Amino acid sequence: MLYSSQYIHTMKETPMDAEAISHQLMLRAGLIRKISTGIYAYLPIGCTVLHKIMEIVRRELNQAGCVELLLPALLPAEPWKKTGRWDLYGKEMFKLTDRSEREFCLGPTHEEIITEVVHRDVQSYRDLPLFLYQIQTKYRDEPRPRFGIIRSKEFIMKDLYSFHATLPSLEEGYHHIYQTYHRIFEACALQVKAVEADNGAIGGSFSHEFVADSSVGETAYALCPHCGWASTLEAAKTSLQSNDPTEDLLTKELVATPQQKTIAEISAFLSQSPDKILKTLLYQNTAGKRFYVVVRGSDSVNETKLKKVIGEEVFLTESDPLIGFLGPVDVPASQIIADTTAIKVQNAVTGASKADHHYLHVNYQRDWRADRIEDIRELQPGDPCPTCGAGVFIQNGLELGHTFLLNDRYTKPLDASFVNESGAMQPMYMGCYGIGITRMVAAVIEQHHDEKGIIWPKALAPFAFEIIPVNITDALQMKTAKALADALTSAGYECLLDDRPVSAGVKFNDADLIGIPIRLVCGKALQKGEVEVKIRKTCEIFTVSVESAIPTLTALYDKQP
RNA sequence: CGGGGAGUAGCUCAGUUUGGUAGAGCGCUUGGUUCGGGACCAAGAGGUCGUGGGUUCAAAUCCCGUCUCCCCGACCA
């Protein structure tokens, strides 16, 4: 393939509005172009990489017994209404109507529609289990798209759905896909961890996120260095035990704390450490019902955990005049949700529900009670690992895949039932498993680049070899370059021959930017009958004779990661 | 949704304070000299200064509206 007949437009300067390294490199190397916020076009070499990823995903899934199909991107509203997600999905869903005012959405995900399809065709347990997947563009109206294709309004996802006759079959299928996912990421040279996760809006019982190490990750998760346990903060149970020695319970005391609203201020003003302070947060549901949420001053509430406990959407109230001086004393226990650690704080400091005042020496049972005592605090670095007790780390990563057990969350409302072995009707058990294909491109670049540009792992490289005749007016250089390209191509390797009439430096820098694994230079060494070989990843350079080049190069390529 | 910043040539940006004929570098075109790490010389092309209105003899510049884009935050009492 001649460079001049390809469509590769590199940029010397980094576009101002690109933050993440992968975003900058994709723009500079000419893989993508921005069309609008969160919407990108894939230029030919970006498109090639995308296809390589899709092929790996297909190969591994097909090998694992999954079957590909293609669902529409434009979806009717009815099934979404049946499962309640037409409203639940909220503003993230692109909704539209056709000319006769029928309601549709651009699919943000496809549980409903696949369930409808399967429901029509599958009537017997003999047809189960079933693993169906598609590679399809998804549409989500993200509140804040960012980092190029990492968080965008339109993206390509591989979504797989499994259907089962029994729960054990579902769990077996889940683990099967879990293993397959590790193989997929490994085949794409991605370092990925499986992390216990929250099920999110999709519903279900347990779940994992597959998270890539990345500096631009938006998924915070806890990791145990000792046993390897990992969990997103939204799902992480905290097993912190308060082992304070028992103190004498002192008499509750009202103190003036003018203008001292934050934990930091009160901690300084009263010389109390934050973990001796009770923080009271006021939440309300959409109907305006109040919830007083109590955690230690040193802790934060994880709202995902809180919402799960409450069982509905709640919002932090910011307008109450007593904010800064709220406390659980004298609040009915039915309105209080306390964290498990909060009730153990003895002789605590807390707001007095009176402006500019706090109480000292407040104690659970005696001074306040909560009807609900739950794990709602966010895990903090150094907290004990729930499985082995070692101190956990917290780090960020980039979510590439997510697996869920959905049970009958969708099959029941959509009436996707089958006749089981004993002849009875029952809803199918369902699992769902996604991989962000477009996001993987960015993740690979995040993990494989240097200051000069991208370093493609060979499984994803748009070309295996890049051949550079230093001077295209030199007949010997061009002839040799073309001969090498032809030989490598007929041996089954994709080659890019940079035939542009530009200076050597331009070609070298573009080659480094684009990141083809092996570069061949036909230049001054040709006088000795040699071509120069550069390995992009290691920057190692050596020469080989033209005659022995092909076997040497193919052997070298086959050894590349 | 809240806050901050920015829209001037394909890209990066200057010019705006203090109103007076539209600028630079890179890129692009043509010719020549170069030819192993983003070469040089010469000649060119390219912008209704995001957009609508207002003030003024005169607006990229001042005022009001509007659109788009980027960043940060999305509330821890």
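Atom set for the values below is all heavy atoms of this structure, side chains included, hydrogens, waters and symmetry mates excluded. In this text, all values refer to a predicted model and were calculated from it rather than measured experimentally. The sequence lines fix the lettering, A, B, ..., with proteins before strands; numbering per chain opens at 1.
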> Of all residues at least two apart in sequence or in a different chain, which pass the ring-ring contact (aromatic ring centres under 6.0 Å, His included) check with Tyr557(A)?
Replying inline: Phe465(A), Tyr493(A)

> Taking atom OH of Tyr221(A) and atom CG of Leu223(A), what is their separation to the nearest 0.5 Å?
Replying inline: 5.5 Å

> Roughly how many Å is it from NE2 in His23(A) to P in rC71(B), rounded to a whole number?
Replying inline: 9 Å

> How many Å lie between CG on Asp141(A) and P on rC1(B), as a whole number?
Replying inline: 11 Å

>> Nearest whole Å is fine: how far is rG10(B) P from Leu43(A) CG?
In response: 18 Å

> How does protein reach along nucleotides 28-42 of chain B, written 5' to 3' as B (base within reach of a heavy atom under 4.0 Å), S (only sugar-phosphate), or - (no contact)?
Replying inline: -------BBBBS---

> Is Ser300(A) touching bases, backbone alone, or none of the nucleic acid, heavy atoms closer than 4.0 Å?
Replying inline: base

>> Checking His357(A) now: which residues fulfil ring-ring contact (aromatic ring centres under 6.0 Å, His included) with it, not counting sequence neighbours?
In response: none

> rG20(B) and rC26(B): how far apart are their C1' atoms, nearest whole angstrom?
Replying inline: 31 Å

> Rounded to whole angstroms, how far apart are NZ on Lys279(A) and C1' on rC75(B)?
Replying inline: 12 Å

>> Under a 3.5 Å cut-off for both contacts, is rA45(B) paired Watson-Crick or G-U wobble with anything, and if yes, with which nucleotide?
In response: none

> How long is the gap from CG on Leu106(A) to NZ on Lys153(A), to the nearest 0.5 Å?
Replying inline: 12.0 Å

> So, is the end of the Lys95(A) side chain (NZ or CZ) under 6.0 Å from the ring centre of Trp86(A) and within 45° of the ring's axis?
Replying inline: yes

> Across all strands, who's sitting opposite rA58(B) as a Watson-Crick or G-U wobble pair, both distances under 3.5 Å?
Replying inline: none

> How far, in whole Å, is rU61(B) from rG19(B) if one measures between their P atoms?
Replying inline: 12 Å

>> If I take atom CZ in residue Arg146(A) and atom C1' in nucleotide rC69(B), what distance separates them, rounded to the nearest angstrom?
In response: 15 Å

> What integer distance in Å separates Ile263(A):CD1 from rC75(B):P?
Replying inline: 16 Å

> How long is the line joining CG of Leu379(A) and P of rC76(B), in whole Å?
Replying inline: 20 Å

> If you count the non-hydrogen atoms of other residues, nucleotides and ligands that lie under 6.0 Å from NZ in Lys537(A), is the total more than 12?
Replying inline: no

>> Roughly how many Å apart are rG37(B) and rU21(B), using the C1' atom of each and rounding to a whole number?
In response: 43 Å

>> Less than 3.5 Å apart, any donor N or O on the side chain of His402(A) or Ser207(A) sitting next to an acceptor on the other?
In response: yes

>> Should the side chain of Glu13(A) and the base of rG10(B) be counted as holding a donor-acceptor pair, with the cut-off at 3.5 Å?
In response: no

> When rounded to the nearest Å, what value does the distance between P atoms of rC57(B) and rA14(B) take?
Replying inline: 32 Å

>> With a 3.5 Å limit on both atom pairs, tell me what rU33(B) is paired to, counting Watson-Crick and G-U wobble, or say none.
In response: rA39(B)

> Taking any strand in view, what nucleotide pairs with rU66(B) in a Watson-Crick or G-U wobble way, both distances under 3.5 Å?
Replying inline: rG50(B)

> If we take the P atom in both rC71(B) and rC13(B), what is their distance in whole Å?
Replying inline: 14 Å

>> Say we look at rA6(B) and rG50(B): how far apart would their P atoms be, to the nearest angstrom?
In response: 13 Å

> Which one, rC69(B), rG73(B), rC76(B), comes nearest to the side chain of Lys34(A)?
Replying inline: rC69(B)

>> Just by distance, no angles: are the side chains of Gln346(A) and Asn363(A) close enough, under 3.5 Å, to form a donor-acceptor pair?
In response: no

>> When both hydrogen-bonding distances must be under 3.5 Å and the geometry is Watson-Crick or G-U wobble, what is rC11(B) paired with, if anything?
In response: rG25(B)

>> If I pick the P atom on rG47(B) and the same atom on rA22(B), what distance separates them, to the nearest angstrom?
In response: 13 Å

> Which one, rU12(B), rC75(B), rC71(B), comes nearest to the side chain of Glu19(A)?
Replying inline: rC71(B)

> Taking atom NZ of Lys482(A) and atom SG of Cys495(A), what is their separation to the nearest 0.5 Å?
Replying inline: 14.0 Å

> Considering every strand shown, what is the Watson-Crick or G-U wobble mate of rG73(B) when both distances are under 3.5 Å?
Replying inline: rC1(B)

>> Say we look at rG52(B) and rC67(B): how far apart would their P atoms be, to the nearest angstrom?
In response: 15 Å

> What's the NE2-P distance between His9(A) and rG10(B), to the nearest Å?
Replying inline: 16 Å

